[in-house]
Amino acid sequence: MGNFVTQGAVLQCSFGMAPCTLAVIVPTRPKCMNMLMAVTTDFTVANIATFGMCQSIANPAVSSATSAAMGVLTPMPCVPVITAPWSPGSSQVKVGGIAALTNNSKCMCSYGGNISITSPGNTAVTGQ
């Protein structure tokens with residue numbers, strides 16, 4: 001069980017250097033606490049823009065910059081590459097047939113970053 005996630009939720013990547021705000025880009029979504037509800041398929045670059053600088057050596061830009069710096073880890077701008085939806089979503093609440101996003105959901109960047117929700121954007125409504 002966890003809080004439902006809405007527009008404006010704060011996200012963090014384990015390899016990112018700054019938090020990111022979740023954008024819910026479907027204006028017809030139902031609202032929770034007057035904020036658009038998020039679903040498990042809100043994982044594109046339109047939803048999750050950047051975590052500032054990336055520190056993952058699996059990121060080709062970081063790897064190249066680190067090599068050029070004689071092995072000293074050199075963070076580079078973060079451009080998340082997320083290829084799978086958030087998991088798990090709500091087992092009971094669907095939004096447009098898609099599982100609602102809860103604050104215990106996570107997703108992964110292709111460069112190895114674990115993306116989590118540090119603030120759901122609201123705290124009044126809970127569900128599974």
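Scope of the values below: all heavy atoms of this structure, side chains included, with no hydrogens, waters or symmetry mates.
A distance-only check finds a donor-acceptor pair linking the side chain of Thr74 to the backbone of Val72 [under 3.5 Å]. When atom types are taken as modelled, the side chain of Asn3 and the backbone of Asn103 share no donor-acceptor pair closer than 3.5 angstrom. Not a single donor-acceptor pair under 3.5 Å links the side chain of Ser56 to the backbone N or O of Gly112. With hydrogens and angles ignored, the 3.5 Å screen pairs no side-chain donor or acceptor of Ser64 with any backbone N or O of Ala61.
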Assess the residue pair Lys106 and Ser116 against the criterion (side chain to side chain contact (heavy atoms under 4.5 Å, CB included)); give the C-alpha distance rounded to whole Å, side-chain angles, the decisive distance to 0.1 Å, and a yes or no. CA-CA 5 Å; Lys106 301 210 181 300; Ser116 59; 3.5 Å; yes
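Both Trp86 and Ile82 belong to a single network of hydrophobic side chains, linked directly or stepwise wherever heavy atoms of I, L, V, M, F, W or Y lie under 4.5 Å apart.
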Return a table of donor-acceptor pairs under 3.5 angstrom between the side chains of residues 31-51 and protein atoms on other chains or two or more places apart.
{"from": "Asp42", "atom 1": "OD1", "to": "Arg29", "atom 2": "NH2", "distance (Å)": "3.1"}
{"from": "Asp42", "atom 1": "OD2", "to": "Arg29", "atom 2": "NH1", "distance (Å)": "2.8"}
{"from": "Asp42", "atom 1": "OD2", "to": "Val39", "atom 2": "N", "distance (Å)": "2.9"}
{"from": "Thr44", "atom 1": "OG1", "to": "Ala46", "atom 2": "N", "distance (Å)": "3.2"}
{"from": "Thr44", "atom 1": "OG1", "to": "Asn47", "atom 2": "OD1", "distance (Å)": "2.9"}
{"from": "Asn47", "atom 1": "OD1", "to": "Phe43", "atom 2": "N", "distance (Å)": "3.3"}
{"from": "Asn47", "atom 1": "OD1", "to": "Thr44", "atom 2": "N", "distance (Å)": "3.1"}
{"from": "Asn47", "atom 1": "ND2", "to": "Ala23", "atom 2": "O", "distance (Å)": "2.8"}
{"from": "Thr50", "atom 1": "OG1", "to": "Gly52", "atom 2": "N", "distance (Å)": "3.1"}
{"from": "Thr50", "atom 1": "OG1", "to": "Cys78", "atom 2": "O", "distance (Å)": "2.8"}

Less than 3.5 Å apart, which donor and acceptor atoms pair up between the side chains of residues 6-16 and the rest of the protein, not counting sequence neighbours?
{"from": "Gln7", "atom 1": "OE1", "to": "Val24", "atom 2": "N", "distance (Å)": "2.5"}
{"from": "Ser14", "atom 1": "OG", "to": "Asn114", "atom 2": "N", "distance (Å)": "2.9"}

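Each of Val93, Val95, Leu101 was scored for a side chain to side chain contact (heavy atoms under 4.5 Å, CB included) with Phe4, with one residue passing: Val93.
For residues 63-76, the set of pairs meeting the salt bridge (charged side-chain N to carboxylate O under 4.0 Å, His left out) definition, not counting sequence neighbours, is empty. For residues 5-28, no pair satisfies salt bridge (charged side-chain N to carboxylate O under 4.0 Å, His left out), with sequence neighbours left out. Among residue pairs with one or both ends in residues 48-72, none qualify as salt bridge (charged side-chain N to carboxylate O under 4.0 Å, His left out); sequence neighbours excluded. Applying the salt bridge (charged side-chain N to carboxylate O under 4.0 Å, His left out) test to residues at least two apart or on different chains, none of the pairs has a partner in residues 72-101.
The nearest pair of heavy atoms linking Ile117 to Ser105 is CD1-O, 3.9 Å.
Between Pro80 and Tyr111, the closest side-chain pair of non-hydrogen atoms is not below 4.5 Å.
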